[in-house]
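Okay, structure first, notes after.
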Number of protein chains: 2
Amino acid sequence: METSYLYREIFAQPQVLTTLYLEENEHIRDIAAQLRKQDIRYVVIAARGSSDNAALYGKYLFGTTTRWPVALATPSLHTLYKTPPRLDGALVIGISQSGKSTDIVQVVQDAREQGVPTLAITNDPTSPLAQTAEHTIALHAGEERSIAATKTYTAQLMALALLAAHWAEDKVLLQELQDVPAAVSQTLSLATHISRIAERYRYMEACVVIGRGYNYATAYEIALKLKELTYVVAEPYSSADFQHGPIAMVANGFPVLLVAPRGEVHAEIHKQAQALKAKGAELLVISDVPETLALARIPLQLPTSLPERVSPFITVIPGQLFAYYLTLAKDYDPDHPRGLTKVTQTR
Amino acid sequence: METSYLYREIFAQPQVLTTLYLEENEHIRDIAAQLRKQDIRYVVIAARGSSDNAALYGKYLFGTTTRWPVALATPSLHTLYKTPPRLDGALVIGISQSGKSTDIVQVVQDAREQGVPTLAITNDPTSPLAQTAEHTIALHAGEERSIAATKTYTAQLMALALLAAHWAEDKVLLQELQDVPAAVSQTLSLATHISRIAERYRYMEACVVIGRGYNYATAYEIALKLKELTYVVAEPYSSADFQHGPIAMVANGFPVLLVAPRGEVHAEIHKQAQALKAKGAELLVISDVPETLALARIPLQLPTSLPERVSPFITVIPGQLFAYYLTLAKDYDPDHPRGLTKVTQTR
């Protein structure tokens with residue numbers, strides 16, 4: 001019987017996403033309406049860890065919907081160097097599960113002092129981050145007891161996507177987001193299959209995780225789960241950056257996990273899968289495209305498809321499950337990764 | 001006798017930096033004067049590989065001097081998704097050694113079409129990138145024949161730093177930059193020492209490289225050299241991000257290279273060095289601070305010091321040398337890393 005918090009939180013995701021949509025949809029619509037009256041030219045997002053990976057998704061989704069450029073913040077400019085950038089024209093978003101990360105709070109604090117609009121996305125609407133920001137989107141994910149974030153990661157994706165949808169008045173995107181919880185639920189059916197294939201990677205020490213566009217975030221998030229839980233040195237890359245040097249690492253048998261759902265960037269990733277296979281890489285492929293799955297040593301076939309821009313909700317699931325079952329295969333404790341605590345304080 | 005292009009290009013850096021300063025200083029002052037008349041709120045930088053690492057340095061240096069926030073571009077929004085963000089208020093900078101990377105050119109092209117100011121930083125002033133941008137800073141580095149970039153990386157740092165200095169009319173920074181070539185030259189004297197210690201890492205397969213603030217870029221660049229040349233899975237981190245999960249990877253003997261020169265972020269990195277040592281990590285430390293060097297299994301003591309904001313010119317040198325000598329220790333070819341070509345075409 002699976003009793004870890006991590007397992008339960010992975011499987012809670014459909015319900016968390018449903019709750020978030022229901023509880024926050026109208027509130028986010030109101031926030032978007034208020035923000036639309038302000039002179040916003042671009043967005044700055046401050047976040048760390050899994051929240052920073054969610055921010056990466058926001059960078060692409062805001063780009064294609066609201067057409068805002070997104071800068072990821074450099075907290076040390078606010079904390080250690082004490083020279084916060086001039087933020088006029090920016091909307092500043094802080095994302096933190098706990099809402100307690102000092103440096104993220106400081107970025108939002110500096111933005112407020114400069115008089116620019118600020119938004120907190122957090123699981124704790126009473127947290128310092130929420131108290132500092134002008135607007136707050138609560139994640140409604142319930143307490144996250146596992147140290148490795150799963151349900152709050154996909155909840156952060158949902159919060160950002162709802163904001164983008166309302167900002168851009170993109171009704172199609174809103175509809176697509178309604179379909180997400182059921183698709184996540186279907187994708188969780190991969191658990192049994194992944195529990196079996198995880199054994200193969202018991203002695204894997206390093207790997208690369210590749211995604212691009214919307215799923216660049218997915219590559220980062222899967223790599224982070226592998227590092228936190230299985231201590232594998234898992235490096236995330238966009239397929240383009242990977243070609244600019246790091247591809248040299250790949251030799252026979254080198255494990256590469258590819259996030260390759262159908263969509264605009266699929267042709268690129270497919271080409272890279274072919275090149276990696278020719279180099280003898282061992283490919284794990286998360287995809288709903290038969291030709292790409294056919295290149296894999298271990299195909300992880302998505303049981304359902306979503307439009308590419310919301311596909312990160314489901315492509316991350318096999319990665320979470322793989323990290324979970326590999327943790328068990330390596331006889332590590334999924335709820336207590338060594339050296340980590342739930343709230344990480346950084347400056 | 002050392003005859004590889006890579007070796008010669010590493011040692012050409014003092015001369016390249018001197019030439020660039022002399023040839024471009026006035027030109028960059030003029031560019032800054034023209035740009036200052038425009039309504040610039042923030043900067044977007046498009047780059048890949050080593051150029052992207054130089055961009056990271058720019059992100060911090062622009063932050064503390066011009067106080068501009070910097071967004072790293074998402075080329076796929078311009079190429080694959082064909083939804084370029086709205087760039088009003090931005091200065092768009094493309095950085096590419098060859099000036100031929102299709103996706104970087106496309107970002108600058110889209111920016112020009114939107115009528116915002118654009119700048120190319122490239123080693124080839126006749127390249128497509130230079131022809132597309134409104135302004136061009138040439139690197140004057142001479143042909144780079146090694147596939148792994150070294151002299152063009154530090155030249156890109158110099159181009160960005162000169163722009164920041166002139167933009168912010170920071171005469172102290174200009175003076176600091178004049179001292180850089182001699183300091184780089186002194187730091188190259190570490191070569192013999194590093195050639196000896198490289199043997200120890202003959203069988204290293206993975207490591208982590210940590211820096212923060214200005215030297216976050218250095219961590220990325222050293223990690224990239226290690227990946228390209230030695231095929232070691234080398235992961236770069238800021239000391240803050242590392243604590244948000246990845247620190248779980250560190251067990252007894254795990255190699256961590258710390259970039260820890262004196263300056264505002266030094267106290268943070270020093271604290272992390274202590275924590276990592278307590279976990280049994282094997283520390284290589286690049287620093288000019290005796291107490292931090294004392295924590296290292298292998299200290300790489302900088303023979304000279306520079307103000308933190310220009311320290312990345314010298315802190316990267318031991319990393320370049322380490323990657324070079326480790327390539328030799330592993331019996332690989334420093335001029336022809338497997339699977340790489342000098343000009344990487346990505347979309």
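Below, chain A is the first sequence line, B the second, and so on; all start at residue 1.
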Answer with side chain, backbone, both or neither: which region of T65(B) has an atom nearer than 4.5 Å to a non-hydrogen atom of chain A?
neither
Segment of L224(B) engaging chain A (4.5 angstrom heavy-atom cut-off):
side chain
Does one side chain, of D110(B) or Q114(B), offer a donor that lies under 3.5 Å from an acceptor on the other?
no
Select one option (side chain, backbone, both, neither) describing which atoms of A234(A) are under 4.5 Å from chain B's heavy atoms.
backbone
Within the side chain of N53(B), is there an N or O that forms a donor-acceptor pair under 3.5 Å with the backbone of T218(B)?
no
Under the 3.5 angstrom rule, does the side chain of K225(B) hit a backbone N or O of T230(B) as a donor-acceptor pair?
no
Under a 3.5 Å distance rule, please check whether Y57(A) uses its side chain to pair with a backbone N or O of R309(A) as donor and acceptor.
yes
Do E144(A) and T152(A) have side-chain atoms, one donor and one acceptor, less than 3.5 Å apart?
yes
Using non-hydrogen atoms only, which part of Y332(B) is less than 4.5 Å away from chain A: side chain, backbone, both, or neither?
neither
Counting heavy-atom pairs closer than 4.5 Å to chain B, which one of Y216(A), W68(A), Y60(A) comes out on top?
Y60(A)
Residue among R48(A), K59(A), E264(A) with most heavy-atom pairs under 4.5 Å to chain B:
R48(A)
Locate the shortest heavy-atom distance separating A47(A) from I104(A); write the atom from each residue and the value.
N-CD1, 3.5 Å
Looking only at heavy atoms, what is the nearest atom pair of P85(A) and L77(A), with distance?
CG-CD1, 4.0 Å
Under 4.5 Å from any heavy atom of chain B - which part of S51(A)
neither
Flag for Y214(B)-T64(B): side-chain donor and acceptor within less than 3.5 Å:
yes
Can you tell if the side chain of V208(A) reaches within under 4.5 Å of the side chain of P246(A), non-hydrogen atoms only?
no
Applying a strict 4.5 Å limit to non-hydrogen atoms, the region of E268(B) in contact with chain A is side chain
With respect to chain B, which residue among K82(A), E228(A), R212(A) yields the maximal number of heavy-atom pairs within a distance under 4.5 Å?
R212(A)
Atom group of V232(B) that falls short of 4.5 Å from chain A, counting heavy atoms:
backbone
Return the option, out of T74(B), I147(B), D103(B), with the maximum number of heavy-atom pairs under 4.5 Å with chain A.
T74(B)
Sort F254(B) into side chain, backbone, both or neither according to what part of it lies under 4.5 angstrom from a heavy atom of chain A.
side chain
Name the member of A240(B), A73(B), G49(B), A149(B) that forms the most heavy-atom pairs with chain A at distances under 4.5 Å.
A240(B)
When only pairs under 4.5 Å are counted, which of D52(A), T83(A), T79(A) shares the most heavy-atom pairs with chain B?
T83(A)
Partner chain B: residue of A71(A), P69(A), A275(A) with the largest heavy-atom pair count (under 4.5 Å)
P69(A)
Under 4.5 Å between any side-chain heavy atoms of P261(B) and H266(B), yes or no?
no
What are the two closest non-hydrogen atoms of W167(B) and R36(B), and how far apart are they?
O-NE, 3.3 Å
Side chain / backbone / both / neither for V250(A) at chain B, heavy atoms under 4.5 Å
backbone
Taking R67(A) for its side chain and P84(B) for its backbone only, find out whether a donor-acceptor pair lies under 3.5 Å.
yes
With a 4.5 angstrom heavy-atom cut-off, could you sort out which part of V70(A) is near chain B: side chain, backbone, both or neither?
backbone
Parallel, tilted or perpendicular: which describes the rings of Y237(B) and F242(B), with under 30° parallel and over 60° perpendicular?
tilted
Would you mind checking which part of A206(B) comes under 4.5 Å of any heavy atom in chain A, side chain (CB onward), backbone (N, CA, C, O), both or neither?
side chain
One option among A148(B), A248(B), S50(B) has the most heavy-atom pairs under 4.5 Å with chain A, and it is A248(B)
Which region of K279(B), side chain (C-beta onward) or backbone (N, CA, C, O), has a non-hydrogen atom less than 4.5 Å from a non-hydrogen atom of chain A, or is it both or neither?
side chain
In terms of heavy-atom pairs under 4.5 Å with chain B, the winner among V44(A), I247(A), L80(A), T66(A) is L80(A)
Contact leader toward chain A among G213(B), G89(B), S238(B), where contacts are heavy-atom pairs under 4.5 Å
G213(B)
